[in-house]
**Q** 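The structure is given below, and queries will be raised subsequently.
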Amino acid sequence: MNHGRNHSLFCKWGIHTGGAWKALSGLREGQTQVDNPQNYDEAYWAHPIDVHFTTKGLQGWPKIHFQVWHQDSFGRNELYGYGFCHVPTSPGTHKISCPTWRPAGTFREQVSQYFVGGGPQLKNPDLIYSGADRYRLNTVAMGNVHMNIGVVLRNFDKYGIEC
């Protein structure tokens, strides 16, 4: 993740799917280690995610959502940003850059965050990947999470789906 000056970042991730999708193996959510780069403007997690799904339909194609957190020198964790991206629909290896953002909050919350830490967080994390009320949020761009994703599709052609 390119993030500017904040060090000690880690990422909580999850995979959201529709009702027709079932995880056969692997974890649907997890967390990376804390990376504290000394000479770089990027945190590297190199965290493998290996999940195998089966589906009865294409609705609810998988999305990966992120919560990037910053750990300060006192060991306190504060939200750095949210983000999500769709898993590619074509087989092969894909490089994806997922933008992250955080709620801006009111002027008072921004001043408090500067001096005390913390900051506004979403009450309902489902807003990360659902477009319901996200458009009403006042947000601040926080950088990008870069991923290499390998997608394998099996037996889709048997059901008339071209890949």
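These values consider heavy atoms only, across backbone and side chains, with no hydrogens, waters or symmetry-generated copies.
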**Q** Give me the atom names and distance for the closest heavy-atom approach of Pro103 to Leu79.
**A**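 Residues Pro103 and Leu79, closest heavy atoms: CD-CD2, 4.4 Å.
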**Q** If you define the side chain from C-beta out and look only at heavy atoms, does anything of Gln71 sit under 4.5 Å from Arg76?
**A** no
**Q** Do other residues, nucleotides or ligands put more than 12 heavy atoms under 6.0 Å from Gln33 CD?
**A**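 It does: Gln33 CD has more than 12 such atoms within range.
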**Q** Does atom CD of Glu29 have more than 12 heavy-atom neighbours, drawn from other residues, nucleotides or ligands, at distances under 6.0 Å?
**A**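 No, the 6.0 Å shell around CD holds no more than 12 heavy atoms from other groups.
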**Q** When rounded to the nearest 0.5 angstrom, what distance separates SG in Cys11 from CE in Met147?
**A**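 Separation between the atoms: 9.0 Å.
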**Q** Between Phe156 and Leu58, does a side-chain contact (heavy atoms from CB on, under 4.5 Å) hold up when you go through it step by step?
**A** CA-CA 10 Å; Phe156 276 57; Leu58 295 178; 3.7 Å; yes
**Q** Can you tell if the side chain of His52 reaches within under 4.5 Å of the side chain of Asp50, non-hydrogen atoms only?
**A** yes
**Q** With His47, which residues qualify under side-chain hydrogen bond (donor to acceptor under 3.5 Å, both in side chains), at least two apart?
**A**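 His47 satisfies side-chain hydrogen bond (donor to acceptor under 3.5 Å, both in side chains) with Trp13 once adjacent residues are dropped.
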**Q** Of the non-hydrogen atoms in Asn36 and Ser8, which two are nearest, and what is the gap between them?
**A**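 Where Asn36 meets Ser8 most closely, the heavy atoms are CG-OG, 3.4 Å.
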**Q** Measure the spacing between CD of Glu78 and CZ of Arg102 and express it to the nearest 0.5 Å.
**A** 9.0 Å
**Q** So which heavy atom on Trp21 is nearest to which on Arg28, and how close?
**A**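 Shortest heavy-atom separation between Trp21 and Arg28 comes out as O-NH1, 4.4 Å.
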**Q** Quick one about Asn148 and His146 (side-chain donor to acceptor, distance below 3.5 Å, no hydrogens or angles considered), yes or no?
**A**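 Note: His146 and Asn148 side chains miss the donor-acceptor criterion.
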**Q** Donor-acceptor pair, Asn155 side chain versus Lys158 backbone, under 3.5 Å?
**A** no
**Q** Any idea which heavy atoms bring Ala20 and Gly57 closest together, and the distance?
**A**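 Minimum heavy-atom contact is CB-N, 3.9 Å.
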**Q** Quick one: does Trp61's side chain get under 4.5 Å of Thr17's, heavy atoms only?
**A** no
**Q** Report yes if some heavy atom in the side chain of Ser90 is under 4.5 Å from a heavy atom in the side chain of Val151; otherwise report no.
**A**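 Ser90 vs Val151: side chains apart.
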**Q** Rounded at 0.5 Å granularity, tell me how far NZ in Lys12 sits from OG1 in Thr32.
**A**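 Answer for the NZ-OG1 pair, Lys12 versus Thr32, is 10.5 Å.
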**Q** Using 0.5 Å steps for rounding, measure from the CD1 atom of Ile49 to the CD1 atom of Ile64.
**A**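 Rounded to the nearest 0.5 Å, the CD1-CD1 separation comes out at 5.5 Å.
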**Q** Do side-chain atoms of Thr139 reach the backbone of Trp101 as a donor and acceptor pair under 3.5 angstrom?
**A**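 Not confirmed, Thr139 side chain does not pair with Trp101 backbone.
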**Q** Once rounded to the nearest 0.5 Å, what's the spacing between atom CG of Asp35 and atom CD of Glu42?
**A** 10.5 Å
**Q** Are Val51 and Leu27 close enough that some pair of their side-chain heavy atoms sits under 4.5 Å apart?
**A**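 No, too far: nothing below the 4.5 Å cut-off.
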**Q** State the CH2-CG distance between Trp69 and Leu9, to the nearest 0.5 angstrom.
**A**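 That separation rounds to 12.5 Å.
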**Q** Would a line drawn from the ring center of Phe10 to the ring center of Trp45 be shorter than 6.0 Å?
**A** no
**Q** Taking all non-hydrogen atoms of both residues into account, name the closest pair between Pro62 and Ile15 and its distance.
**A**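 Result for this residue pair: CB-CG2, 4.1 Å.
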**Q** Closest heavy-atom contact between Phe66 and Cys98?
**A** CE1-SG, 3.6 Å
